[in-house]
Amino acid sequence: MARGYDFQAIEAKWQRVWEESGAFAATEEPERRKFYLLEMYPYPSGRIHMGHVRNYAIGDVLARFLRMRGYNVLHPMGWDSFGLPAENAAIEHHTHPAKWTNDNIAYMRTQLKRMGFSYDWQREITCSDPAYYRWGQWLFLKLYEKGLVYKKSSAVNWCEVCQTVLANEQVEGGLCWRDGTSVVQKELPGWFFRITAYAEELLSSLDNLSGWPEPVKVMQRNWIGKSVGAEVCFPLADREGALTIFTTRQDTLFGATFMVLAPEHPHALALAQGTSQEQQVRAFIERMSREDRLQRTAADVDKAGVFTGAYAINPLTRERIPVWIGNFVLLEYGTGAIMAVPSNDQRDFEFAQKYGLPIRLAVKPVDVDPDERHLQQAYEGEGVLVNSGPFTGMASQQAREAIADFLEREAIGKRTVNYRLRDWGISRQRYWGNPIPIIYCDGCKTVPVPYRDLPVILPQNIQITIKGGSPLQKVAEFTDVLCPRCGAPARRETDTMDTFVDSSWYFLRFTSPKDEDGPVTPAHVNYWMPVDQYIGGIEHAVLHLLYARFFTKTVRDLGMIAVDEPFRRLLTQGMVCKETHRCPEHGFRLPEEVDASSCCRTCGRPVQIGRIEKMSKSKKNVVDPEDLLAQYGADTARLFCLFAAPPERDLEWSDQGVEGSFRFLCRIVRLIEDQEELLKGPNPSIPFQKLIAGRALYRKAQQTIRRVTEDIEDDFHFNTAISALMELANEIGRFELVGSADDADERRVAYSYAVETLLLLLSPFAPHLCEELWERLGHDGSIFQAPWPSYDPAIITAEEIVVVVQIDGKVRSRLVMPADADDTAMRGAALADERVKGWLEDRPIRKVVVVPKKLVNIVIGGVR
RNA sequence: GCGAGAGUGGCGGAAUGGCAGACGCGCUGGACUUAGGAUCCAGUCCGCCUUUGGCGGAUGGGGGUUCAAGUCCCCCCUCUCGCACCA
C-alpha cells in the first residue's frame with residue numbers, strides 16, 4: 001500500500017460523516033430545480049456483484065455532480081425482494097424465505113454503504129414488506145374495478161423447474177429466462193393485466209422518448225408488433241357459418257386458394273366431422289397438442305397440415321377453396337385462421353407445394369411477368385395486381401386501400417389493427433410474492449378483498465416445497481375466509497403476483513415511501529416525477545421497462561399522477577466481462593486454479609485463455625467487489641468501473657487496470673501531501689492576468705473544468721472525463737512549485753488553484769478521498785457543499801494558437817500565431833512560410849482553404 | 001431471414017468532416033535505491049531514408065462525395081445483441 005493513502009480509514013471516516021449528517025436526504029423544495037435519479041433496484045441475492053457496482057457507480061457520479069451543480073436530487077435505493085430464489089434457498093438451507101431475504105438485504109445494504117453511494121436511505125423500499133406490497137394489492141383492485149385485470153384460463157408457459165407460470169416476456173427462445181430450462185405449455189386459469197388496452201399508446205409514445213436509446217425503443221416496437229390490415233369473412237361452403245381471418249395483404253385476396261386454421265382453432269375438428277378426413281384431422285390435432293408448441297412454431301420446423309374435408313368460399317372470387325389445418329398457424333395471433341396466398345406469401349407457398357394446392361398469382365413485380373405455374377418462391381414485395389377482377393392493374397399499395405374499402409362497403413370485412421403483444425399473465429403458483437387480493441365464494445363467485453382489509457398478509461408459518469402446487473394452498477388459516485360480501489365460508493386466491501408487478505411502480509413509491517393513506521402522495525409524486533434519469537441493464541429492455549410504462553399510464557388514468565411516461569432519460573449500461581480460463585478436462589477454471597505457465601493446477605494440461613465473457617459464477621470469471629474493497633477501497637473500484645469503458649458499452653475487467661486507477665489516486669495524495677504545509681497557508685490573491693509562471697497551469701485547470709463538465713453532462717463520457725483529470729494531475733506533477741523568489745507567490749496560487757480544482761472535479765468519482773484531501777487543505781465542511789467550479793471562456797482561450805498548414809491535405813508545417821489571427825493573416829503566414837515555399841516550388845496555387853484558428857490547406861493538385 | 005449496434009496500436013479505449021491513436025494498461029531503457037513488484041524521467045503504430053530531422057503507409061475490405069473522410073454516401077465481410085412461420 002502506498003504511503004499516505006490509508007483508504008480503509010478514509011472511507012470508514014467519511015461514510016460515518018455522511019451517515020451522521022444525513023447528507024443525502026432529499027425533501028421537496030418547489031423553488032429548486034429537482035432531479036430524480038434512479039438506478040434499477042437489485043434483487044437481494046446475498047451479495048452485490050460487479051454489475052451492481054458499475055450500475056450504481058455511474059448513478060452516484062451523476063448524483064454527486066448534480067448536487068454540486070445546485071439540483072435538488074432524489075437518489076433512492078430499495079430491494080426487489082420477492083421472487084423464487086428465496087424459496088429455493090429456504091428449501092436448501094431450511095430457512096424461511098423472509099429471513100433469508102432480510103439477512104441478504106441487511107448484508108447488501110452494508111456493502112452498498114461501503115461503496116460510498118449517496119442514497120437517501122430514509123426512503124428505502126423493500127417490496128416484500130407489507131407496508132409496500134399492500135399498495136400493490138390496492139392498485140391491483142383499482143385496475144380490477146376498471147376492467148384492466150381479469151381472470152381467464154389459457155395455455156400458459158409453464159416452467160417445470162420453477163413450478164410456475166412465466167409471462168411471454170419471460171420466455172427466451174423457448175427457455176425459462178431464469179434457469180434456461182425448457183418451458184412447456186399448460187392449460188391453467190390465471191390473472192391477467194390488460195396491457196393490450198394500452199398497446200397503441202405504448203407504441204406511439206415511444207416516439208416522444210428522445211432520451212431513450214434507440215435499440216431499446218426498437219425492441220419495444222418489435223415486441224408490441226403492430227400490424228395494420230383487415231379481417232375478412234370467408235363463408236363456409238355447403239353449410240352455415242363462416243371463418244374470419246386477419247390479413248395485412250388484402251390486396252392479394254384474389255390469390256387466396258385455400259385456408260389454414262390453427263390446430264387449436266375451435267372449428268378445426270367440427271369442420272371435419274362427418275367427412276372422410278375426420279380420423280386424420282383428429283390424429284393431427286392430437287399430435288399437435290402433445291408437441292411442444294414453442295418447438296412446433298419455430299421457424300425452421302417443416303410445415304405440416306391436414307385437409308379438414310370442408311370448403312369455404314373466397315368472398316371476392318366466389319370460388320370454393322379447401323380449408324386445411326396447419327402447424328404454422330397460431331391461435332393467439334389474429335383470429336387463429338389465415339387465408340393462404342401461396343403466390344405472394346412464402347409460408348403459404350411452401351405449404352401449397354408440399355400438399356399440391358393451387359397457386360395463383362395476385363400481385364406481380366412491376367417490370368416482370370412471372371409464369372405462375374413455375375414459381376420458385378412467393379413474391380412478397382409490392383407490385384401490380386393480376387387476376388384480380390376490377391382491381392387488376394392497380395398498384396398493390398393502392399389496392400390495399402381500395403379492397404379494404406370494398407370489403408367494408410360489402411360488409412365482407414373491416415379494417416383491423418393487430419398487435420403481437422399479449423395480455424400480461426401475472427399469476428404465479430409460488431409463495432414468496434405479493435398475494436392476489438381476491439376471494440372465491442360459491443355464491444358470490446369472485447370477490448375482491450375490501451380495501452379496508454388490505455394488506456392480505458403472507459402467512460409466516462409455512463412449508464415450502466417445490467413440487468405439489470402453491471405452498472399457500474396448504475395453509476388453511478390463509479385460504480379459509482368468510483366471504484366479505486355474504487359471510488359464507490370462502491377461499492382465498494393462492495396465486496401470488498409476478499415480481500415484475502412490484503417493480504412496475506416502485507419508482508412512484510420512492511417519492512413518498514412511508515405514506516399510509518395511499519400508494520403515492522400527490523404533492524410529492526408530482527414534484528419528483530418523472531424520473532429524470534434511469535440507469536440499468538439492457539436485459540430489461542422489454543420486460544421491466546414495458547411493464548413500468550404500462551403501470552405509469554394506468555396510474556395516470558386513475559388520476560393519481562400527471563406524467564405519461566415514467567423515465568425521461570434512460571441509460572442502459574453494458575455488461576461487466578472478463579476473460580475465462582478453460583481446461584480441456586476440468587472446464588472453466590478460476591484464475592488461482594491456473595499456474596504461471598497457463599496450465600491447470602489439477603491436471604497440468606494447458607489451459608485456454610478463453611473468450612471475454614460476462615462475469616458469472618459458472619464461467620468462474622467473477623471478481624468479488626468485497627475483495628476489491630479490501631485491497632484497493634471503494635474509490636478505486638468506482639474509478640476503474642468508470643474509466644475502463646463508456647457506460648453503455650461492455651466493460652472488460654482488468655486487474656492491471658484496477659491497479660492503474662489505484663496508482664492514480666495515490667498520485668493525487670502525493671500531489672497534496674508533498675506540499676501540504678505550503679498549500680495550507682493563506683494564499684495571496686493574484687488575478688489571472690498577472691500570472692506568468694503559473695499561467696499555463698491555471699489555464700489547464702480551467703480547461704479541465706470545461707472538459708469534465710461537458711463529458712459528464714452531455715453523454716456520460718466518464719472515461720474521457722477521468723482522462724482529462726489525469727492530464728491535469730500530470731501537469732500539476734510536472735509543475736515547478738518552487739521557482740525564483742519573485743514568482744513564488746504566483747506559483748503557489750496556480751498550484752493551489754489547480755489542486756483544488758482537481759479535487760472538486762474528481763469528487764463525484766472518488767468521493768471519500770476528495771473529502772479527506774479537501775479537509776487536509778484546510779476547508780471546513782464537506783466538499784459536496786462546495787459549488788461545482790466554473791470557468792472563464794476568456795481564460796480558456798490561449799494567447800497563441802498552432803496553425804496547421806497542409807498542402808493538398810498533407811501536413812507540411814505548423815505555425816505559432818496570435819490567437820486573434822484572422823483568416824487573411826493565417827493565409828498570409830502560411831504562404832510566407834519557408835517550409836511551405838519549399839514544397840510549392842512556384843507551382844500555381846489552385847485554392848487556399850482556411851479553417852479559422854486551426855488550419856490552412858493549400859491546394860495545388862497534380863503531380864509533385 | 002428481419003432489426004439494431006460494433007469493427008481504430010500488443011490491450012482497454014480517444015478523436016464538432018480539419019495534425020489518427022488523448023488517457024490508461026503493458027512493454028523498453030534510464031535515475032534513485034541494500035532491494036524494487038514503490039517512485040521519478042525518457043521512449044513505445046508500421047515501413048523507409050541522408051537517422052539532427054525527414055518521407056511514405058495505416059482506422060475490417062472495395063468504391064464514391066470533398067480542398068480535406070475513422071467520421072458522410074453506396075456495396076461487401078466479420079462479430080455481438082434482439083426478434084424470429086405474427087398472416
Side-chain angles (χ1 to χ4, degrees), chain A residues 1-3 172-173 213-223 225-227 229 245-249 252 260 262 296-303 326-330 332-341 344-348 350-351 418-422 538-539 541-542 574-575 579 612 639-640 643-646 648-661 663-664 666-667 670 707 717 719-727 729-730 733-734 802-814 835 846-852 854-861:
Chain A
M1 192 184 308
R3 165 183 65 97
E172 297 173 344
E214 202 53 42
V216 174
K217 290 194 277 188
V218 168
M219 281 160 75
Q220 292 213 354
R221 276 190 200 104
N222 290 343
W223 190 263
K226 179 179 182 176
S227 304
I245 59 98
F246 173 73
T247 181
T248 55
R249 291 298 303 271
T252 66
V260 190
R296 186 192 102 200
T297 55
D300 49 4
V301 169
D302 276 345
K303 298 197 172 28
N327 62 347
F328 67 102
V329 178
L330 308 173
E332 315 79 41
Y333 188 80
T335 61
I338 62 160
M339 67 170 188
V341 184
N344 296 100
D345 184 292
Q346 186 60 24
R347 296 159 300 183
D348 300 346
E350 286 167 24
F351 196 80
N418 241 298
Y419 299 92
R420 211 187 75 115
L421 183 70
R422 311 280 155 74
I538 185 82
E539 66 272 20
V542 277
M575 298 182 299
E579 67 178 15
I612 312 295
L639 192 70
F640 174 72
F643 179 60
E648 67 279 3
R649 280 219 235 166
D650 285 354
L651 182 156
E652 189 184 326
W653 195 263
S654 154
D655 294 335
Q656 285 163 333
V658 177
E659 190 76 40
S661 296
R663 275 205 296 263
F664 172 64
C666 292
R667 214 168 126 72
R670 280 196 307 276
R707 281 181 63 186
H717 281 181
N719 55 332
T720 50
I722 293 168
S723 81
L725 292 170
M726 289 172 167
E727 281 184 49
N730 289 342
R734 276 192 295 271
V802 176
V803 176
V804 170
V805 185
Q806 296 182 331
I807 295 174
D808 285 342
K810 290 188 190 296
V811 180
R812 295 305 184 198
S813 184
R814 289 185 179 80
R835 296 163 50 85
R846 294 224 300 240
K847 189 174 178 183
V848 178
V849 180
V850 180
V851 180
K854 270 191 177 166
L855 174 143
V856 179
N857 189 12
I858 302 165
V859 185
I860 51 179

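A note on names: the letters A, B, ... follow the listed sequences, proteins ahead of strands, and every chain is numbered from 1.
Between A/Phe351 and A/Phe328, the two ring planes are tilted [angle within 30° to 60°].
Residue A/Arg420 places none of its side-chain N or O atoms closer than 4.0 Å to OP1 or OP2 of B/C85. A/Arg812 has no side-chain polar atom (N or O) that falls below the 4.0 Å cut-off from OP1 or OP2 of B/G54. The side chain of A/Ser661 places no N or O atom within less than 4.0 Å of a non-bridging phosphate oxygen (OP1 or OP2) of B/G24. Distances shown here put every side-chain N or O of A/Arg649 at or beyond 4.0 Å from the OP1 or OP2 atom of B/G5.
Comparing B/U16 with B/G21, their P atoms are spaced 13 Å from each other, to the whole Å. B/G53 and B/C19 have their P atoms separated by 23 Å, given to the nearest Å. The P atoms of B/G10 and B/C2 are separated by 35 Å, rounded to the nearest whole Å. On the C1' atoms, B/U8 is 4 Å away from B/U59, given to the nearest whole Å. Comparing the P positions of B/C46 and B/U28 gives an interatomic distance of 15 Å, to the nearest angstrom. Nucleotides B/C81 and B/A69, compared at atom P, are 35 Å apart to the nearest Å. Between B/C85 and B/U80, the distance separating the two C1' atoms is 25 Å to the nearest Å.
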Any protein N or O atoms within reach of nucleotides 16-22 of chain B? Criterion: under 3.5 Å, listing atom names and distances.
{"from": "B/U16", "atom 1": "O4", "to": "A/Lys854", "atom 2": "NZ", "distance (Å)": "3.0"}
{"from": "B/G18", "atom 1": "N2", "to": "A/Asn857", "atom 2": "ND2", "distance (Å)": "3.4"}
{"from": "B/C19", "atom 1": "O2", "to": "A/Arg814", "atom 2": "NE", "distance (Å)": "3.1"}
{"from": "B/C19", "atom 1": "O2", "to": "A/Arg814", "atom 2": "NH2", "distance (Å)": "2.2"}
{"from": "B/A22", "atom 1": "O2'", "to": "A/Glu727", "atom 2": "OE2", "distance (Å)": "2.8"}

Close N or O pairs between protein and nucleotides 27-33 of chain B (under 3.5 Å):
none

With 3.5 Å as the limit, what N/O pairs link the protein to nucleotides 40-45 of chain B?
{"from": "B/C40", "atom 1": "OP1", "to": "A/Arg667", "atom 2": "NH1", "distance (Å)": "2.9"}
{"from": "B/C40", "atom 1": "OP1", "to": "A/Arg670", "atom 2": "NH2", "distance (Å)": "3.3"}

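One finds a salt bridge joining A/Arg221 and A/Glu214 here, because a Lys/Arg side-chain nitrogen approaches an Asp/Glu carboxylate oxygen to under 4.0 Å. A/Asp808 and A/Lys810 are not joined by a salt bridge, as no carboxylate oxygen comes within less than 4.0 angstrom of a charged side-chain nitrogen.
By the side chain to side chain donor-acceptor pair (under 3.5 Å) test, A/Asn730 is found to be paired with A/Arg667, residues two or more places apart in sequence or in another chain being considered. Every side chain to side chain contact (heavy atoms under 4.5 Å, CB included) that A/Arg663 has, sequence neighbours left out, goes to A/Glu659.
Across all strands shown, A/Arg221 has no heavy atoms under 4.0 Å from either base or sugar-phosphate atoms.
The shortest side-chain heavy-atom distance between A/Val216 and A/Ile538 falls under the 4.5 Å cut-off. Residues A/Ile722 and A/Leu639 meet the side-chain proximity criterion, which asks for heavy atoms closer than 4.5 Å. In this structure, A/Ile245 and A/Thr247 have side chains that are in contact, with non-hydrogen atoms separated by less than 4.5 Å. Contact of the A/Glu727 side chain with the A/Arg707 side chain is registered, since non-hydrogen atoms from C-beta on lie closer than 4.5 Å. In this structure, the side chains of A/Arg835 and A/Arg812 stay at 4.5 Å or more apart for every pair of heavy atoms.
Of the candidates A/Val805, A/Val849, A/Val811, A/Val849 is the only one forming a side chain to side chain contact (heavy atoms under 4.5 Å, CB included) with A/Asn857.
Nearest heavy-atom pair, A/Ala729 versus A/Phe664, reported as atom, atom and distance to 0.1 Å: CB-CE1, 3.8 Å.
Between A/Ser654 and A/Arg347, the residue anchored nearer the 5' end of RNA chain B, judged by the nucleotide with its closest heavy atom, is A/Ser654.
Base orientation of B/G9: syn, since the glycosidic angle falls within 90° of 0.
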Worksheet, complete the sentence: Applying the Watson-Crick and G-U criteria (both distances under 3.5 angstrom) with [ ] for crossing and | for other-strand pairs, one obtains for RNA chain B (((((((..(((.....[....)))((((((.......))))))(((((...)))))..(((((..]....))))))))))))....
